[in-house]
> 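Sharing a structure with you now.
Atom set for the values below is all heavy atoms of this structure, side chains included, hydrogens, waters and symmetry mates excluded.
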Amino acid sequence: MALSAVDVRTGPTVGTTSRCGHRRGHTREVASSEGGCIVRRHLIVLLAAVATLAFAVPAAAVHGRESTDRIAGADRIDTAAAIAQRTFTGGATSAVLASANDFPDALAGSSLAGGIGAPVVLSWRDHLPERTGQVLRDLGVQRVTILGGSDAIGAAVGAQLREGGYRTERVAGQTRYETAADIARQLADRHGVGTIHDQRTVFVAYGADFPDALTVGPGAYANRNPILLSTTDDLHPAAAAALRDVGAELAVLVGGEAVLSEQVAARIRELGIDTNRLGGRDRSDTAQLIATYLEQHLGFTAERILLSRGDTFPDALAAASHGGVLGAPILLTRGPDSVSYDLLQWIVDRADTIQEVRALGGPAAVTDRVLFRVAEAAFPPIQTLRYTVGVRDQHGPVHGDPGFFAEHADWTLVDQRGWALDNDFRYTRVPQGEPASFHLWLASPQDVAAASPGCSADWSCRVGDDVYINDDRWRSATATYADRSLDDYRHYVVLHEVGHWLNLDHFACAAHQDPGDRAPVMDQQSIDTGACTSNVWPLPFERDRARDNIATGGPGATDVPVHPE
């Protein structure tokens, strides 16, 4: 990829030492970029609608590799029909019909749909939607399995189907937990339970919310692994009975202990069944763990990624078949216009493999900005910069959490708005002792001061390839950031000091911005933002100079006077 031709002059260099400075909660959200969509210069995305209400955005090649795509319809029923048509291009003799009003039956039915090689389509309670009827006809379906009792899909829908010439059957229990159990028994009786490492394996998910069952759905479909539902505090009796009835040998709990307690796992082990758990900090993190598990144990690849809205279920309700047939995992956004650090990092780690990111649902579910951002994270970088993270406490104590510091630094450096520069450059943390471009330290104030005569216990400091973040500032920020979150300051201080390693000098607000504008990241914001407002992410001119400095091999190489904050 060609580098930016804007301002090819090398900016002012920074010396062997430089300084900066830090405030309140921790979120793991990477919101959409300030100033609009970040799109790499050579990103070409073709957006087109097909002639039906349900549409798909055709994939467009990016550098001959990555592309974006979208499957969407006017509503959840339309989207489910579009997914079925995109997945079963050669038709299907059977289909599974689930309620469009709630998630449990559709998600628990993933494994049974996989057993019979069928799409999952959706219906309203009292009538079969015309769009669903149309896709059943288009696919040549002859047999429809209805999931759930009459409260989910009423008798009138079954009558409509039979009048249309379809053979029907119903799998239903009194509750969602019992319906999931009956689905598992049907699968076991007709097709057998799929194995993982020679053990008949069942997934157990939280029954009162959708995300974990949703993201494990493609694996359940592809490998005929039932999804049973449970309550939080104890294993639901219906799930316990089904585990025995299907001869389960391994139960994989999807979700952390907040949704499936350790008591649930203990009860399963009391049945003589082994347990594993895939549980992250939140639903997005759990989705990444599930995706990795599907890669490692079910042969899924990361060539294609399905991206679904993570705070509501409709658009991905019927997506298990699509992911199962393609061997593609489902990853979750935070919401329509934001993604987590974990998701971006998972994508970055597989940049050499991913060829397409496909959104499920329209822009109201997953915005184009988020779709493009995730696709950009999959671009092979121009250059990889390796760094280590550690603690310096030889001269005084460090009170901050080293693990959290490392994680937050990763989060800052992977973000495309920072020195990753739209993912042209990748920052990869490596263990202490391995070759690295620079070293990031959480340091006591005394250790910062001892690092160089130009450093001070009051601020953070960069000395050669060592970037010191002052523990006091890390934990409490400075007065200039009193109106912003502590996370904002932590991003800023890491970006400022790493910016010095990138040979960026201090850029004063008055020299580069008008009053009231955002301050440069390389302004000494820890001390005073002057007429500008505090700001976390580098401004365009700072990004251009950093790009030029990296391209010319300059980071960490110069030795000029200290610039104290």
> Mind checking whether Tyr492 and Tyr481 have parallel, tilted or perpendicular rings, split at 30° and 60°?
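It falls in the parallel class, under 30°.
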
> For Trp346, check side-chain hydrogen bond (donor to acceptor under 3.5 Å, both in side chains) against everything at least two apart and list the hits.
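For Trp346 the side-chain hydrogen bond (donor to acceptor under 3.5 Å, both in side chains) partners, ignoring immediate neighbours, are Thr292.
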
> Does a donor on one side chain and an acceptor on the other come within less than 3.5 Å for His496 and His491?
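There is no such pair between these side chains.
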
> Is the closest side-chain heavy-atom distance between Val252 and Leu250 below 4.5 Å?
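Val252 vs Leu250: side chains touch.
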
> Closest heavy-atom contact between Gln416 and Arg373?
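Of all heavy-atom pairs spanning Gln416 and Arg373, the closest is NE2-CG, 2.6 Å.
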
> Taking all non-hydrogen atoms of both residues, which atom of Ser261 and which atom of Asp234 are closest, and how far apart?
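Distance-wise, the nearest heavy atoms are OG-N, 4.4 Å.
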
> Residues in side-chain contact (heavy atoms from CB on, under 4.5 Å) with Ala377, at least two apart?
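Per chain and number, Ala377 pairs via side-chain contact (heavy atoms from CB on, under 4.5 Å) with Leu344, Ile347, Val348, Asn423.
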
> Name all residues meeting the side-chain contact (heavy atoms from CB on, under 4.5 Å) criterion together with Thr286; count only those two or more places apart in sequence or in a different chain, and write none if there are none.
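With neighbours one apart ignored, the set is Asp212, Ile290.
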
> Less than 4.5 Å apart, any side-chain heavy atom of Asp282 and any of Arg334?
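The answer is yes; the side chains approach within 4.5 Å.
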
> Kindly write out the residues that satisfy side-chain hydrogen bond (donor to acceptor under 3.5 Å, both in side chains) with Tyr468, not counting sequence neighbours, or none if the list is empty.
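Scan of Tyr468 (side-chain hydrogen bond (donor to acceptor under 3.5 Å, both in side chains), adjacent residues dropped) gives Arg392.
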
> Cationic tip of Arg547 within the cone over Phe425's six-membered ring, i.e. under 6.0 Å and within 45° of the normal?
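Judged by the rule, Arg547 and Phe425 form no cation-pi pair.
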
> Taking the side chain as everything from C-beta on, heavy atoms only, tell me whether Arg70 gets closer than 4.5 Å to Leu371.
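Sidechains of Leu371 and Arg70: in contact.
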
> Can you name the ring pair (Phe, Tyr, Trp, His ring centres under 6.0 Å) partners of Phe438, sequence neighbours left out?
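So Phe438 forms a ring pair (Phe, Tyr, Trp, His ring centres under 6.0 Å) with Tyr387, Trp501.
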
> Residues two or more places apart in sequence or in another chain: which of them pass side-chain hydrogen bond (donor to acceptor under 3.5 Å, both in side chains) with Asp401?
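Result, side-chain hydrogen bond (donor to acceptor under 3.5 Å, both in side chains) vs Asp401: none returned.
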
> Could you pull out all residues at least two apart from Phe203 that satisfy ring pair (Phe, Tyr, Trp, His ring centres under 6.0 Å)?
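With neighbours one apart ignored, the set is empty.
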
> Can you tell if the side chain of Thr333 reaches within under 4.5 Å of the side chain of Leu307, non-hydrogen atoms only?
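A side-chain contact under 4.5 Å exists here.
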
> Using the ring pair (Phe, Tyr, Trp, His ring centres under 6.0 Å) criterion, which residues pair with His399? Sequence neighbours excluded.
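Ring pair (Phe, Tyr, Trp, His ring centres under 6.0 Å) check on His399 returns nothing, list empty.
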
> side-chain hydrogen bond (donor to acceptor under 3.5 Å, both in side chains) with Asp528: which residues, sequence neighbours excluded?
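In terms of side-chain hydrogen bond (donor to acceptor under 3.5 Å, both in side chains), with neighbours along the sequence ignored, Asp528 is linked to no residue.
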
> For the pair Trp419 (side chain) and Ala546 (backbone), establish whether a donor and an acceptor sit closer than 3.5 Å, ignoring hydrogens and angles.
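Answer holds: no.
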
> Less than 3.5 Å apart, any donor N or O on the side chain of Ser444 or Asp471 sitting next to an acceptor on the other?
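Ser444 vs Asp471: no donor-acceptor pair found between side chains.
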
> Is any side-chain N of the basic residue among Asp311 and Arg283 closer than 4.0 Å to the acidic one's carboxylate O?
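A salt bridge is absent here (no side-chain N lies under 4.0 Å from a carboxylate O).
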
> Run the salt-bridge test on Glu407 and Arg281 with the 4.0 Å N-O cut-off and return the result as yes or no.
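Salt bridge: yes.
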
> Classify the side-chain pair Thr275/Arg269 by whether it contains a donor and acceptor separated by less than 3.5 Å.
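Side-chain D/A pair, Thr275 to Arg269: present.
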
> Taking only residues two or more places apart in sequence or in another chain, which ones pass salt bridge (Lys or Arg N to Asp or Glu O under 4.0 Å) with Glu303?
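Checked Glu303 against salt bridge (Lys or Arg N to Asp or Glu O under 4.0 Å); zero matches.
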
> Just wondering, do Arg429 and Arg386 contact through their side chains at under 4.5 Å, heavy atoms?
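In short, these two side chains do not touch, never coming nearer than 4.5 Å.
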
> Provide the closest heavy-atom pair for Pro329 versus Phe300 in the form atom of the first, atom of the second, distance.
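Looking at all heavy atoms of both residues, the closest pair is N-CD2, 3.9 Å.
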
> For Phe210, what residues pass the ring pair (Phe, Tyr, Trp, His ring centres under 6.0 Å) criterion, not counting sequence neighbours?
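With neighbours one apart ignored, the set is Phe313.
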
> Backbone N or O of Pro538 within a donor-acceptor pair of the Arg543 side chain at under 3.5 Å?
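Checking the backbone N and O of Pro538 against the side chain of Arg543, no donor-acceptor pair under 3.5 Å is found.
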
> Taking all heavy atoms of Asn535 and all of Gln525, pick out the closest pair and write down the distance.
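That would be N-OE1, 2.9 Å.
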
> Please identify each residue that fulfils side-chain contact (heavy atoms from CB on, under 4.5 Å) with Ala319, with sequence neighbours left out.
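Checked Ala319 against side-chain contact (heavy atoms from CB on, under 4.5 Å); matches are Ile83, Ala316, Ile330, Leu360.
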
> Kindly determine whether Ile227 and Val216 satisfy side-chain contact (heavy atoms from CB on, under 4.5 Å), including the steps that lead there.
CA-CA 8 Å; Ile227 299 176; Val216 83; 3.7 Å; yes

> With side-chain contact (heavy atoms from CB on, under 4.5 Å) as the criterion, how do Thr68 and Glu356 come out once you've worked through the C-alpha distance, each side chain's angles and the decisive distance to 0.1 Å?
CA-CA 6 Å; Thr68 60; Glu356 180 185 85; over 6 Å; no

